[in-house]
Amino acid sequence: MVYVVPAKDVPSLQVVGTNARFPVHRIYCVGRNYGDHVAEMGNDPKKPPIFFSKPADAIVASGAQIPYPPQTNNFHHELELVVAIGTGGADIPMARALDHVYGYGIGVDLTRRDLQKAAKESGTPWDTAKGFDNSAPCGAISPVADDRHLLDTHIWLTVNDKVRQESQTSAMIYDVPETIAELSKLYTLVPGDLIFTGTPAGVGPLVPGDRIACGGDGLEGLAFSII
Ligand code: MN
């Protein structure tokens, strides 16, 4: 193929136990998927979770130094279990949904909270609040082994060694099968898609110099810093 401008490489993530990599196609995100976070944001607990997305090249691997992004004074971390899709499909039934999962990682949905608040108030899109450069740090993907899925795993995030967020993934409002079923009503999922499954309570601001670490049972760790 000859392109008229340089074509970017496919973004990808390391995979535990192999040198082959997971190619990132799309990054879908679930909003308002933990009741304690819905409450801390003052949102209606009776409304179902929502979906949004980030560009695939927002992915950042563990070990990165992430520049504090422009156009914000309230840059937040959101700790999330990440589902890596291995088999695609549309209208995937909940009962078959886990068959579509290649593996799991731990990620952070970095958010310009002030731009998100302004977007909510004016009813305008969330893209600039959520889908900016370097907004999706994600650890290496752990392939599903022996049909063990991380439906009730402990996840945690520290900033400068202090715990800011921790939860069991069983506290999700849409669990992983329901998330896949609902998302695949809206989009045809394809191998390489990632789903950031929403954040528990404890989101908060990051500033230059902060060191972030996160992980979970059955997951590879993720660490990065803000410069
Ligand atoms: Mn989020």
Side-chain angles (χ1 to χ4, degrees), residues 13 24 26-45 47-60 62 66 69 72 74-85 104-120 124-139 141 150-151 153-159 163-176 178-180 182-183 186-187 193-206 210 212-216 219 222 224 226:
L13 286 168
V24 179
R26 288 183 185 167
I27 303 173
Y28 297 107
C29 303
V30 187
R32 305 173 184 167
N33 203 21
Y34 286 79
D36 57 0
H37 175 64
V38 172
E40 76 177 346
M41 298 300 289
N43 289 312
D44 183 348
K47 287 191 176 163
I50 57 173
F51 296 111
F52 60 92
S53 62
K54 294 176 184 262
D57 67 353
I59 280 290
V60 181
S62 190
I66 297 179
T72 184
N74 197 15
F75 176 46
H76 273 208
H77 57 80
E78 296 190 357
L79 169 71
E80 313 209 352
L81 177 71
V82 177
V83 176
I85 296 294
Y104 295 91
I106 195 79
V108 179
D109 166 15
L110 292 173
T111 301
R112 287 159 160 158
R113 191 71 71 201
D114 41 3
L115 298 194
Q116 187 194 31
K117 182 168 181 284
K120 284 180 187 173
T124 51
W126 285 16
D127 298 53
T128 59
K130 290 291 195 177
F132 52 94
D133 298 347
N134 305 308
S135 59
C138 188
I141 301 298
L150 305 183
L151 304 183
T153 208
H154 182 242
I155 56 173
W156 54 267
L157 176 144
T158 64
V159 178
V163 176
R164 291 262 193 102
Q165 291 188 272
E166 92 181 291
S167 184
Q168 292 296 126
T169 56
S170 55
M172 288 180 190
I173 296 167
Y174 280 172
D175 63 8
V176 173
E178 190 166 14
T179 295
I180 291 170
E182 290 296 323
L183 191 59
L186 293 161
Y187 304 97
D193 286 339
L194 295 177
I195 307 170
F196 280 57
T197 55
T199 194
V203 303
L206 296 171
D210 280 347
I212 298 91
C214 41
L219 295 164
L222 165 67
F224 59 96
I226 307 301

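Both ligands and their constituent atoms are indexed starting at 1 by order of listing. Residues take their numbers from the sequence shown, with the count starting at 1. Just so it is clear, the structure is predicted and the values come from calculations on it, not from any experiment.
Considering just the N/O/S atoms of Glu78, the one nearest the Mn ion (ligand 1) carries the name OE1. Summary: OD2 is the N/O/S atom of Asp109 found nearest to the Mn ion (ligand 1). As for Glu80, its N/O/S atom nearest the Mn ion (ligand 1) is the one called OE2.
When all heavy atoms of Tyr34 and Gln168 are compared, the pair lying nearest together is CE2-O, 3.7 Å. Scanning all heavy atoms of the two residues, the minimum distance from Pro49 to Asn33 falls at CG-OD1, 3.4 Å. Considering all non-hydrogen atoms of both residues, Val30 and Ile195 come closest at CG2-CG2, 4.1 Å. The two residues Leu110 and Ile66 come nearest to each other via the heavy atoms CD1-CD1, 4.1 Å.
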